[in-house]
Number of protein chains: 4
Amino acid sequence: MPTNEIRIPKQKRSIEKKDAIIVASYELFCEKGYYKTNTAEIAKAANVSTGIVYNYFHDKHDILKEVIGLYISRLESEFRTTLSRQIQKEDLHNLVKELLDALITSHTMNVSAHNEFMALALLDPEIQNYFVAFEARLLAQIKELLISAEFSSCFLEEKLRIAFGIIEQLCHDYIQQIIDEAQLSRSKIVAVQAITSLIEMDVEPEIK
Amino acid sequence: MPTNEIRIPKQKRSIEKKDAIIVASYELFCEKGYYKTNTAEIAKAANVSTGIVYNYFHDKHDILKEVIGLYISRLESEFRTTLSRQIQKEDLHNLVKELLDALITSHTMNVSAHNEFMALALLDPEIQNYFVAFEARLLAQIKELLISAEFSSCFLEEKLRIAFGIIEQLCHDYIQQIIDEAQLSRSKIVAVQAITSLIEMDVEPEIK
Amino acid sequence: MPTNEIRIPKQKRSIEKKDAIIVASYELFCEKGYYKTNTAEIAKAANVSTGIVYNYFHDKHDILKEVIGLYISRLESEFRTTLSRQIQKEDLHNLVKELLDALITSHTMNVSAHNEFMALALLDPEIQNYFVAFEARLLAQIKELLISAEFSSCFLEEKLRIAFGIIEQLCHDYIQQIIDEAQLSRSKIVAVQAITSLIEMDVEPEIK
Amino acid sequence: MPTNEIRIPKQKRSIEKKDAIIVASYELFCEKGYYKTNTAEIAKAANVSTGIVYNYFHDKHDILKEVIGLYISRLESEFRTTLSRQIQKEDLHNLVKELLDALITSHTMNVSAHNEFMALALLDPEIQNYFVAFEARLLAQIKELLISAEFSSCFLEEKLRIAFGIIEQLCHDYIQQIIDEAQLSRSKIVAVQAITSLIEMDVEPEIK
DNA sequence: GATGAATGAGGTTTCATTCAT
DNA sequence: TATGAATGAAACCTCATTCAT
């Protein structure tokens with residue numbers, strides 16, 4: 001057998017243990033970073049022995065993947081309420097504002113998680129894929145929402161990506177403390193206005 | 001004399017040696033990543049002894065900082081020509097297109113450098129600052145350019161940050177292969193249109 | 001009751017379990033080697049829990065001893081038919097040939113078992129003893145056979161040991177692929193001739 | 001660079017250090033066995049740091065190979081004098097006796113080395129090859145010697161292999177204490193006689 | 001100034017054995 | 001009896017940094 005046997009925990013106690021490892025790792029990775037956290041620390045923080053870690057995970061990188069999974073599922077649940085309702089054409093402005101606030105809040109509350117995991121995504125294609133998939137799901141949901149509110153689907157995906165970029169930029173500038181609270185307020189006004197007119201914009205295909 | 005004395009090279013040979021170390025490190029960091037490059041490799045690639053490295057740099061992290069400096073100065077020189085001329089109000093569309101293309105080209109040509117250094121910026125505030133300062137210089141230059149072309153300076157900085165976010169998003173999506181060449185073309189049309197109307201947009205301050 | 005108590009299985013189910021462990025270990029040791037087989041694998045292959053192994057065996061080394069026992073008993077049964085008949089003086093040539101072929105066949109069919117267990121015998125006096133005893137039984141049987149065929153018993157034991165060495169050498173050279181099939185054929189001719197004349201040889205005691 | 005840079009020591013001090021590691025390992029492997037000797041012990045015994053070991057050797061197995069090399073070169077030098085002279089046809093008896101004594105002496109003096117390294121050869125094809133090559137060189141030398149003493153070269157190689165097997169068997173039986181000194185004496189008489197008549201024997205090719 | 005051999009702490013992973021259930 | 005999760009010591013190897021020459 002080439003790779004190690006990984007236990008897939010089914011009993012309650014085992015699942016709890018596996019989850020404890022993931023949660024402890026999540027916290028340590030945020031606090032100290034993935035590379036600077038060692039498996040002994042993880043085991044200790046999860047209140048298990050070092051050996052047992054390798055019953056549930058192939059290796060340290062395998063833990064990272066589950067930690068990223070946890071992070072993304074937390075992100076996802078934060079957007080669930082905002083995205084699960086129906087909207088009218090007039091609500092666009094508010095939707096954008098809400099999403100912007102949600103993202104800023106979630107990132108601000110956990111700057112180190114955001115920074116650490118984004119960095120790892122850049123360094124590691126496997127992690128990258130997790131985020132790409134998450135982003136795709138998120139954009140697809142928003143697209144559905146807009147289409148059912150009768151926005152034109154023409155160039156909609158491109159528009160949404162761009163809108164996403166705008167929001168990310170704001171978050172980034174704020175959590176990296178490039179702009180302060182006041183500047184954030186001003187930027188938000190511009191951003192919301194920019195995004196709403198972007199979504200409603202008629203794109204004139206250029207002739208190359 | 002304390003041991004921590006770092007030589008500030010003034011003689012030609014010394015400067016050459018220090019530069020050789022930086023250039024060699026730059027290449028290795030792109031190729032293998034910062035964490036996976038060791039100092040022995042750097043010394044070898046730079047054709048110097050391992051010991052001498054510590055005459056010019058405090059430690060490995062110190063090398064990284066200079067490598068980032070080199071990376072940024074290269075980026076900066078790529079934008080110099082585009083940004084050093086005067087523009088007319090009608091040129092905005094073209095200016096945006098040019099900047100977008102310049103950024104995409106520069107990132108695409110060196111995806112690994114971009115990914116590696118962005119990741120390090122997220123992980124390390126000191127590195128982050130280098131990029132923040134670069135971004136600030138870049139935005140300031142563009143702002144000057146626009147103001148001298150008589151664009152309104154109202155909310156201009158915020159608009160430019162947002163425009164920057166749009167461009168970064170496109171680059172990101174393309175170099176991470178989230179979108180392909182065809183999608184990039186479509187997105188560029190939307191992005192240029194979005195940015196130009198953003199710059200010209202009248203911002204209506206909201207009443208909270 | 002001390003914890004070191006090893007169950008001597010008397011009930012059918014228990015014996016089956018113990019045997020299953022031995023057989024599974026035998027196969028794994030041949031396939032992967034003793035050191036590279038872990039107890040979890042053994043338990044899994046034997047369809048028992050890891051804990052139960054320690055009811056039947058003191059430790060991993062204890063399993064090894066039983067595996068060697070199995071190996072030797074299998075070897076022994078391969079020689080049984082050849083050695084259980086009566087022979088005439090003229091049959092010596094054929095007897096030698098048969099034994100040689102039997103040994104080559106048995107070793108060739110299971111090169112990894114042979115190599116692994118010989119190695120362990122060299123490393124571990126306890127295992128060594130199993131093989132020494134086996135060899136002694138084998139030689140004693142052959143000696144009986146020859147004496148009842150009226151061969152001289154003078155120096156017979158020494159001769160048989162030497163004959164054994166000749167046969168072992170051939171096996172070794174062949175299964176380690178030092179000699180190929182053709183060379184084996186030639187060597188077998190020489191070996192059989194050498195052994196028969198050795199057995200019949202009058203030893204002239206030297207004067208030291 | 002995939003594999004680690006291995007320093008090939010050229011200066012006297014470096015060579016001494018590398019040799020010290022090999023010699024220390026040789027002794028430890030004999031004493032405790034290869035698997036039960038760890039790199040920290042090796043470094044300590046050689047009076048170096050653990051890290052430096054990996055400047056001279058790729059890994060632990062690499063050390064083993066050099067240790068085997070040392071062992072074989074020591075064996076080889078023990079046979080040099082015996083094999084470097086010319087012999088006459090009448091000397092065969094003495095030559096065989098001398099070689100037998102040389103092998104017994106060399107193995108007896110270092111039973112643990114012999115056992116350990118033979119075992120490793122069985123477990124590891126790379127190590128096996130070292131011994132196969134050594135054996136081939138040895139047999140080739142003896143063959144030359146016999147041919148220049150005008151022994152028939154017909155089946156000579158096969159005969160020598162067989163003779164080698166006889167000698168090995170005696171060594172084995174003696175150093176594993178299967179036979180005692182007295183039995184060894186008796187066996188030697190038989191063996192020498194068997195080998196000499198084997199060498200001079202006319203092989204009658206069988207008709208299959 | 002320059003060399004490159006040397007250091008040694010520290011990281012990940014394995015596995016025989018135990019023990020609560 | 002039986003389970004299989006849990007233990008934790010120990011192994012190999014790496015590498016930033018130092019220092020004798």
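Quick note on labels: first sequence line is chain A, next is B, and so on, each numbered from 1.
- Side-chain contact between B:Phe134 and B:Tyr71 is absent, with no heavy-atom pair separated by less than 4.5 Å.
- For C:Ile21 and E:dT17, the CD1 to P distance is 14 Å, given to the nearest whole Å.
- Summary of the strand contacts: A:Val48 and D:Asn55 both lie near DNA chain F, and taking for each the nucleotide with the nearest heavy atom, the more 5' one is attributed to A:Val48.
- Remark: of the listed residues C:Tyr130, C:Phe29, C:Tyr35, C:Tyr35 is the sole one forming a side chain to side chain contact (heavy atoms under 4.5 Å, CB included) with C:Leu120.
- A heavy-atom distance below 4.5 Å is not found between the side chains of D:Thr50 and D:Thr39.
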Report the secondary structure of DNA chain F in dot-bracket form, marking unpaired bases with a dot and bases paired to a different strand with |, and treating Watson-Crick or G-U pairs with both distances under 3.5 Å as paired. .||||||||||||||||||||

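- Contact detail for A:Pro125 and A:Leu123: the closest heavy-atom pair is CD-O, 3.9 Å.
- DNA chain F lies under 4.0 Å from at least one heavy atom of each of the following residues of residues 59-71 of chain B: B:Asp59, B:Lys60.
- Spacing between atom CD1 of D:Ile52 and atom C1' of F:dC12 amounts to 17 Å, rounded to whole angstrom units.
- For A:Asn55, the side-chain hydrogen bond (donor to acceptor under 3.5 Å, both in side chains) criterion is met by no residue, not counting sequence neighbours.
- On a pure distance criterion of 3.5 Å, no polar donor-acceptor pair joins the side chain of C:Thr50 and the base of E:dA16.
- Of the residues in residues 36-47 of chain D, not one comes within less than 4.0 Å of DNA chain E through any heavy atom.
- At most 12 non-hydrogen atoms from other residues, nucleotides or ligands lie less than 6.0 angstrom from NZ of A:Lys44.
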Side chains of residues 60-68 of chain A: which donor-acceptor pairs under 3.5 Å do they make with residues two or more places apart or in other chains?
{"from": "A:Lys60", "atom 1": "NZ", "to": "A:Tyr34", "atom 2": "O", "distance (Å)": "3.0"}
{"from": "A:Lys60", "atom 1": "NZ", "to": "A:Thr37", "atom 2": "O", "distance (Å)": "2.8"}
{"from": "A:His61", "atom 1": "NE2", "to": "A:Asp124", "atom 2": "OD2", "distance (Å)": "2.4"}
{"from": "A:Asp62", "atom 1": "OD2", "to": "A:His58", "atom 2": "N", "distance (Å)": "2.8"}
{"from": "A:Lys65", "atom 1": "NZ", "to": "A:Glu126", "atom 2": "OE2", "distance (Å)": "2.8"}
{"from": "A:Glu66", "atom 1": "OE2", "to": "A:Lys18", "atom 2": "NZ", "distance (Å)": "2.9"}

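- Across all strands, B:Phe57 comes closer than 4.0 Å to no nucleic acid atom at all (heavy-atom distances).
- Taking all atoms of both residues into account, the shortest heavy-atom contact from D:Cys30 to D:Asn110 is SG-OD1, 4.2 Å.
- Scanning for salt bridge (charged side-chain N to carboxylate O under 4.0 Å, His left out) contacts around A:Glu27 gives an empty result, with sequence neighbours left out.
- Comparing C:Gly51 and A:Gly51 by the nucleotide of DNA chain E whose heavy atom lies nearest to each, the residue mapping closer to the 5' end is A:Gly51.
- You'll find that the side chain of B:Tyr54 is closest to F:dT18, out of E:dT7, F:dT18, F:dA6.
- A donor-acceptor contact closer than 3.5 angstrom links the side chains of A:Asn115 and A:Gln176.
- Atom-to-atom, OH of C:Tyr35 to C1' of E:dT14 comes out at 16 Å; the value is rounded to the nearest Å.
- For NZ of B:Lys36, the number of neighbouring non-hydrogen atoms (other residues, nucleotides, ligands) closer than 6.0 Å is 12 at most.
- Residue C:Tyr56 places at least one side-chain N or O closer than 4.0 Å to OP1 or OP2 of F:dA2.
- Contact check for C:Glu116 versus D:Leu122: no side-chain heavy atoms found under the 4.5 Å cut-off.
- Residue D:Val53 is classed as having no contact, given no heavy-atom separation below 4.0 Å to the nucleic acid.
- For the OP1/OP2 pair of E:dT3 and a distance below 4.0 Å, the side-chain nitrogens and oxygens of B:Ser49 include at least one atom meeting the criterion.
- Within 4.0 Å of B:Lys17, counting heavy atoms only, lie sugar-phosphate atoms of the nucleic acid but no base atom.
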